[in-house]
Amino acid sequence: MILAACAVVGYVPLLFVHFKDLWGNEQYQYFPFVIGAVIALVATRWKTGFTVERSGLPEWLPRVFVVTAAIVLVSAVVFWSGWLAAISLILLLGSLLCLCGQERWITNFWGIWLLLWLLIPLPLSLGPKLIRSLQAASSQLSSAMLDVLGIRHLMTGNVLEVPTKQFFVDEACSGIVSFMAIIAAGAIYLVWKNRPLVHSVLLLLLGVGWAFLLNVSRITIIAFAYERYDWDWSEGTPHTILGLVLFTLTFVALVSTDVLLEFLLKPVEVQQFAGDAKVNVLIRMFNGIAGFATPYGAVLTDDDQPQAKPAPSNAPAIPDIGVSGKTWALAGLFATLGIVQIALMLLATDPNAQVVEHAMKIGKKSVPLAVGPWEFVGHEYVSRDVGNEELSDHSHVFTYKHSQTQLPITISLDFAYTGGWHDLCICYTGAGWEVGERQTKQHGDFKYIETNMDNEMSQHAFLAFGAFDATGSYVTPPSSLIRWRPWSALRRRTLRTISPRLLQVQVFVAGNEQVSAEDKETIRQLFYDCVEVFRSHFEKPRS
């Protein structure tokens, strides 16, 4: 009990941070159901378990789990990472399951333990990368379905346009939410049914396909309902109900697929005749593969199951691990780490809050009222909860218009990014723009990125963007477009409190004609002026 209490103290602060981050990411909001399912499965199977004389688990395995968990928890405190703390707790729970398994058989306890890894977001920016890939594929197939249905539309990247409305696939019709929820539901179902390894892998892969079709169906239905019947199901209660209905149908399809796989992968029965001991080698291979890693209790024939011995009435709820010197040392380590976490939470300040506070002082009176033929026409502050470290929650948007052509220019200050450079070329590619040559430009000490873009509607755009940190220092952009940066992604995950907070400035102009060289020079000057205005709010005074 002492060790358990110290473990609670050591994990609760950072787990609070982790679960808060999970709830802020819509695609991981299923995590309470995973926790509930794990608790229910452990409680149920502990009652139906039986004592064993020898479990077959190595005696050193729990120690390895505990030592690794302690090392990871120390790293979590040093880097202030709820993500690492959650991994550490899962490893510690693995050691507890091993200890339980040495005295009492718990059906498929490794499967139950693996469910806990659904609480860990994908590392190294794989989550956002998966989102972009799924959205792109869903958009393409949805566009083909709308063509078949005769719905007038234009799909530009992840933006779906019908004659009177524009839908954003990454918001109103997001596919990753359903994808992750279906994977979690399928994994829980597999552990509950005690499916073998091959069966489980195949069902999860097919579940990805069902989730993809769910997303395509949702996008198609929303566009069809709006264009044919003027029903807007892209937001609010109708959107929620549609999502729940499609999710239910997808889960029913997943269960039906499980039944089909159970039939197809059922071991082939072999009838032995007198004096014939040979079995076809293909049958042996099939039965071996289909039944590989079958959890105990899930086999199809009673002959293969050992006799269960009822547990004595005085069986302990959890194994007695004793109170040795090592146990006391481990308890002390967990308690100390918990105290350090609480102290850091009480003493630490949120650097994001400081950046936002300074940036909020920027208003429409801060920027030039006119540069060349472009005149200032409006300012808008945008706040959003993106739930993604790679994106910003706040933006100041300033709009200018050409005095003669009325061509608009958008200047945007986006803040605050964590962990490194944010490349807008990737974002605009997802919005349907084809990015041309990506050039690194320099104005004094300020280096920035500039490019020309085109889209399927024969529009042409000019984009320039750069960044500076919370001290007003310019940030040098990478020399080339980096789509996958493991180290930068790891810094976003683990060094959030000491990574530099970046503010990004972009200028964007789009129209039916190419932006002339003369206009580009004027736009660049407006861009430089705004960057200096924004940066002056953060630049430290020189002594």
Side-chain angles (χ1 to χ4, degrees), residues 157 159 168 170 355-356 359 362-364 366-368 371 374 376-384 386 388 390-402 407-418 420-444 446-455 459-470 472-478 481-482 500-511 515 519-538:
V159 180
F168 292 92
D170 58 337
V355 173
V356 172
I362 299 174
K364 60 183 180 181
S366 303
V367 298
V371 175
W374 272 276
F376 174 77
V377 295
H379 163 260
E380 179 185 9
Y381 166 70
V382 180
S383 177
R384 51 191 174 270
V386 296
N388 188 334
E390 291 193 349
L391 303 178
S392 64
D393 289 324
H394 311 273
S395 293
H396 283 297
V397 182
F398 304 88
T399 304
Y400 290 78
K401 281 190 177 181
H402 196 283
L407 181 67
I409 293 178
T410 300
I411 298 280
S412 176
L413 172 65
D414 308 311
F415 53 97
Y417 295 93
T418 59
W421 179 265
H422 176 75
D423 207 310
L424 284 174
C425 292
I426 297 176
C427 299
Y428 278 98
T429 299
W433 289 95
E434 183 178 347
V435 178
E437 182 182 1
R438 179 184 181 277
Q439 298 177 322
T440 301
K441 299 285 188 175
Q442 185 167 357
H443 176 73
F446 178 45
K447 292 184 179 180
Y448 65 97
I449 299 299
E450 183 179 295
T451 187
N452 296 299
M453 302 182 296
D454 304 286
N455 64 13
Q459 289 184 321
H460 309 283
F462 173 71
L463 171 70
F465 60 97
F468 57 89
D469 63 22
S473 300
Y474 295 121
V475 176
T476 301
L481 181 61
I482 302 176
R501 266 54 184 175
L502 302 188
L503 298 95
Q504 180 175 263
V505 185
Q506 63 166 307
V507 58
F508 176 81
V509 55
V515 181
D519 285 341
K520 283 184 181 180
E521 285 299 324
T522 308
I523 294 170
R524 290 189 187 102
Q525 188 58 52
L526 175 62
F527 177 54
Y528 302 150
D529 292 345
C530 288
V531 169
E532 287 305 310
V533 168
F534 300 151
R535 195 172 67 90
S536 65
H537 285 263
F538 298 88

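In this chain, numbering begins with 1 at the start of the sequence shown. The structure displayed is predicted, hence computed values, not measured ones.
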**OP:** Under the side-chain contact (heavy atoms from CB on, under 4.5 Å) rule, what do Val507 and Thr410 come out as? Steps first, then yes or no, please.
**Re:** CA-CA 6 Å; Val507 58; Thr410 300; over 6 Å; no
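- With contacts defined as side-chain heavy-atom distances shorter than 4.5 Å, the pair His422/Asp414 does not qualify.
- The nearest pair of heavy atoms linking Phe538 to Ile362 is CE1-CD1, 4.4 Å.
- Checked by atom type and distance alone, the side chain of Thr451 pairs as donor or acceptor with a backbone atom of Glu437 at under 3.5 Å.
- Smallest separation of non-hydrogen atoms from Pro368 and Val371: CB-CG2, 4.0 Å.
- Here the side chains of Phe468 and Val505 are in contact, with some heavy-atom distance below 4.5 Å.
- The CG atom of Leu526 sits 6.0 Å away from atom CD1 of Ile409, with the distance rounded to the nearest 0.5 Å.
- Contact between Pro408 and Val509 at its shortest, heavy atoms only, is O-CG2, 3.4 Å.
- Closest heavy-atom contact between Cys425 and Val435: O-CG2, 3.7 Å.
- The existence of a salt bridge linking Arg524 and Glu450 is confirmed by a sub-4.0 Å separation between a basic side-chain nitrogen and an acidic carboxylate oxygen.
- Counting non-hydrogen atoms of other residues, nucleotides and ligands closer than 6.0 Å to CD of Glu434 gives a total of 12 or fewer.
- Ring centroid separation for the pair Phe534 and Phe398 comes in under the 6.0 Å cut-off.
- Here the rule is side-chain hydrogen bond (donor to acceptor under 3.5 Å, both in side chains) with Tyr474, and of Arg535, Gln442, Lys447 only Arg535 fits it.
- Closest heavy-atom contact between Phe415 and His396: CE2-CD2, 3.7 Å.
- Under a 3.5 Å cut-off, the side chain of Trp374 and the backbone N or O of Asp519 do not form any donor-acceptor pair.
- Interatomic distance, CD1 of Ile411 versus NE2 of His379, reported as 12.5 Å (0.5 Å rounding).
- Residues Phe376 and Tyr400 bring their aromatic ring centres within 6.0 Å.
- Counting only distance, with no hydrogens or angles, the side chain of His443 and the backbone of Tyr448 share no donor-acceptor pair below 3.5 Å.
- For the atom pair CZ (Phe527) and CZ (Phe462), the distance works out to 8.5 Å, reported to the nearest 0.5 Å.
- The NE2 atom of His402 sits 8.0 Å away from the OG1 atom of Thr522 when rounded to the nearest 0.5 Å.
- The CZ atom of Phe465 sits 9.0 Å away from atom OH of Tyr428, with the distance rounded to the nearest 0.5 Å.
- The minimum heavy-atom distance linking Leu407 with Gly511 is given by the pair CD1-CA, 4.1 Å.
- Atom NE2 of residue His460 and atom CG of residue Asn452 lie 10.0 Å apart, to the nearest 0.5 angstrom.
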Original post:
Can His537 and Ser366 be said to form a side-chain contact (heavy atoms from CB on, under 4.5 Å), step by step?
Top reply: CA-CA 10 Å; His537 285 263; Ser366 303; 4.0 Å; yes
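- With a 6.0 Å radius and a threshold of 12 heavy atoms from other residues, nucleotides or ligands, Lys401 has its NZ atom at or below the threshold.
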